[in-house]
Amino acid sequence: MRSVAIVGASLAGLYTARALRDQGFDGTLTIIGSERHRPYDRPPLSKEFLAGRITEADLALETEDEDLGAEWRLGVRASGLDRHDRRVLLADGTSITADGVVVATGATARSLPGDSPSLRGVHTLRSLDDALALRADLVTGRRLVVIGAGFIGAEVASTARELGLGVTIVETAPAPLARALGGEMGTALGALHEDRGVLLICGVAVQGLTGDDRVDGVLLADGRRLDADVVLVGIGARPETGWLEGSGVDLGDGVLCDSGGGTSVPGVVAVGDCASWFDPGLGHHHRVEHWTGAVHRPTVAAATLLSGGTAPAPPQAPPYLWSDQYGRRIQFAGHTRPGDSVTVEEGDVASRSFLAVYRREDRPVAVLGVDQVRQFTRWRRRLGTVSTG
Amino acid sequence: MIPACALAALPRGEAFRLDTVEPPIAVFHTDDGDLYAVDDTCTHQDASLADGWLEGCEVECPLHASRFDLRTGQVDAPPAKLPVRTHGVVVEDGTVYVVPSDLPPNLPPGARARTV
Ligand SMILES: Cc1cc2nc3c(=O)[nH]c(=O)nc-3n(C[C@H](O)[C@H](O)[C@H](O)COP(=O)(O)OP(=O)(O)OC[C@H]3O[C@@H](n4cnc5c(N)ncnc54)[C@H](O)[C@@H]3O)c2cc1C
Ligand code: FES
């Protein structure tokens, strides 16, 4: 392999570049990114950075003396891939042909369905530019409505409260985070909002937004109208794979990959939020949208690419995520699905510091910790040694 | 010299967080029986290394798995970029004491902003 092109210059792209070099690849490396920024870390965008506690420079993922010997093509979008000669087509009309291609284009925040007019004051949060725009709008005393009580919505609610805004969260499901954590623990985390005077409305859909030039309210399906000066739409993200349509790379919920990151096209691998790897434990493809997945899988994908797909895929640790809300540290590892039992094994829900273990037929499959970092670390290790399918 | 804890209260494989000092210090007792002290706060973001995973002479941060060499404080695995400050450890009459370093700490950006 003499040349590799990485599409997507963020967490998964950077870690794949590092892994390729670490594994001895000394050929031409080109990194293409549609944002004009060098790779930066996204989790603080809803937390410390949004709160103004850290600066843009603190988000940098590269170290000062890091030199990957790569050519960076920043501020230009890849618009297509020609599978026959692995040519990445760029929006500026140029193209890059390489022996190996890494797809690391991440995900894009979903906007509200329907043709909602583009009102000022309505935000989504995925990029640094999004965070700067949102931060400028989070002015003390304003009313923020967060649509969607997922992790990003919950973190923005927490940060906005800290900044002195009045905050309401609207969630269509009966409990926040129910799909990720189950209804019982979702409800337990919902209480963190209510503790801080955030109104959490669950089980109601959003009908639309009101306002002429700037948003002034949110209409709910039950007829209620919430006043709003600022709205954050936090209803998830879709994999950024549109540029691969028609390329011959198989797509489903993201780029479909084998358990080593290889796609349906030889010489093309995919990593990070855009990639749906086959998980042998679960028996199906699974798209992991967390930081740790975008950091660990590049090592495997780089080996797959450099070996031409012959490197055996090592077993993967269970997915892990963390979230910071209202000064509490939330951590989750594993896979849960409806029907798993949940028991609190340390602390208690009422004190907002607890560790809950999810079991399926008496086998631990997942663990949730709220301000229980030490115990969580042990449980996470334990899960890593058993199959969580 | 600051008294941390009784040696008997810190079995091998365990860590003690000394949070009567600012910034807090983590004392580790390795499986081989050695004692090390470093700043408790990870240099990447706000996490307590005493809550991390101790393996040999390394601790893995519980939040994003940066690994630090307890002997030198060096980062063995990213995302952390800066070493963690190390301190001396002395055991006298069954008590573990920390001899604090006089070098400046490498606290993470958010924590830095809080202390100044
Ligand atoms: C606000 C926020 C908070 C988060 N908090 C947490 C957290 O607390 N814990 C956690 O575990 N995870 C968190 N995450 C998730 C984590 O940040 C992601 O899992 C991670 O960023 C995925 O990395 P990636 O490189 O796959 O994708 P991304 O970081 O999305 O990067 C993809 C890059 O590709 C570029 N790109 C897209 N299309 C093209 C194209 N056609 N051509 C060229 N470039 C392209 C994009 O501009 C982008 O720079 C958070 C995410 C966000 C947005
Ligand atoms: S806080 Fe320690 S690695 Fe991130």
Side-chain angles (χ1 to χ4, degrees), chain A residues 11 14-15 18-19 22 39-44 47-66 159 162 290-296 298-299 317 320-324 327-331 333 355 369 371-382 384, chain B residues 5 9-19 23-24 26-29 31 40-56 58-68 73-84 106-116:
Chain A
L11 188 64
L14 174 68
Y15 272 76
R18 285 179 179 164
D22 285 350
Y40 62 88
D41 206 22
R42 282 170 218 272
K47 311 177 183 73
E48 303 92 324
F49 182 76
L50 193 62
R53 281 199 298 276
I54 67 170
T55 65
E56 210 173 302
D58 295 325
L59 300 174
L61 287 170
E62 296 162 279
T63 55
E64 257 159 47
D65 54 359
E66 182 161 10
T159 303
E162 183 184 321
H290 314 307
W291 191 94
T292 305
V295 162
H296 285 162
T299 312
Y320 158 69
L321 69 91
W322 80 95
S323 174
D324 293 331
R328 305 249 176 228
R329 173 143 296 154
I330 299 161
Q331 295 173 288
L355 182 110
D371 274 355
Q372 286 283 347
V373 179
R374 191 175 292 203
Q375 294 306 327
F376 180 88
T377 301
R378 293 179 181 182
W379 268 99
R380 183 180 161 204
R381 282 272 162 173
R382 223 176 113 177
Chain B
C5 60
L10 185 60
R12 291 183 184 199
E14 296 286 329
F16 177 81
R17 175 163 50 240
L18 178 64
D19 48 16
V27 186
F28 295 91
H29 195 174
D31 286 331
D40 181 53
T41 313
C42 182
T43 64
H44 177 234
Q45 283 167 19
D46 197 4
S48 157
L49 293 176
D51 289 339
W53 188 257
L54 178 61
E55 200 155 306
E58 266 189 345
V59 64
E60 183 182 286
C61 174
L63 201 52
H64 313 122
S66 281
R67 285 200 306 272
F68 297 94
Q74 290 306 315
V75 182
D76 290 345
K81 299 172 188 170
L82 298 174
V84 67
N106 284 326
L107 295 178
R112 208 147 57 213
R114 273 203 302 280
T115 49
V116 291

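Residue numbering restarts at 1 for every chain, and letters A, B, ... go by the order of the sequence lines.
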Participant: Quick check on A/Gln375 against chain B: is it the side chain, the backbone, both or neither that has a heavy atom closer than 4.5 Å?
Facilitator: neither
Participant: Validate the cation-pi geometry between A/Arg380 and A/Phe376: distance from NZ or CZ to the six-membered ring centre under 6.0 Å, angle to the ring axis within 45°.
Facilitator: no
Participant: Ignoring hydrogens, what is the shortest heavy-atom contact between B/Thr43 and B/Leu82? Give both atom names and the distance.
Facilitator: OG1-O, 2.7 Å
Participant: Where on B/Ala65 is there a heavy atom nearer than 4.5 Å to chain A: the side chain, the backbone, both, or neither?
Facilitator: neither
Participant: Less than 4.5 Å to any heavy atom of chain B: does that hold for the side chain of A/Glu62, its backbone, both, or neither?
Facilitator: backbone
Participant: At what distance, to the nearest 0.5 angstrom, does SG of B/Cys42 lie from CG of B/Asp51?
Facilitator: 12.0 Å
Participant: What distance do A/Leu59 atom CG and A/Arg42 atom CZ have between them, rounded to the nearest 0.5 Å?
Facilitator: 10.0 Å
Participant: Decide salt bridge (charged side-chain N to carboxylate O under 4.0 Å, His left out) for A/Arg329 and A/Asp324; before the verdict, give the C-alpha distance in whole Å, the side-chain angles of both, and the deciding distance to 0.1 Å.
Facilitator: CA-CA 5 Å; A/Arg329 173 143 296 154; A/Asp324 293 331; 3.0 Å; yes
Participant: Are the aromatic rings of A/Trp322 and B/His64 close, with centres under 6.0 Å apart?
Facilitator: yes
Participant: What part of A/Pro44 lies closer than 4.5 angstrom to a heavy atom of chain B: side chain, backbone, both or neither?
Facilitator: side chain
Participant: Taking every non-hydrogen pair under 4.5 Å, which of B/Ala50, B/Gly52, B/Ala47 racks up the most with chain A?
Facilitator: B/Ala50
Participant: Between A/Thr292 and chain B, which part of the residue has a heavy atom less than 4.5 Å away: side chain, backbone, both or neither?
Facilitator: neither
Participant: Side chain from CB out, backbone as N, CA, C, O: work out which of these in A/Phe49 comes under 4.5 Å of a heavy atom of chain B, or both, or neither.
Facilitator: neither
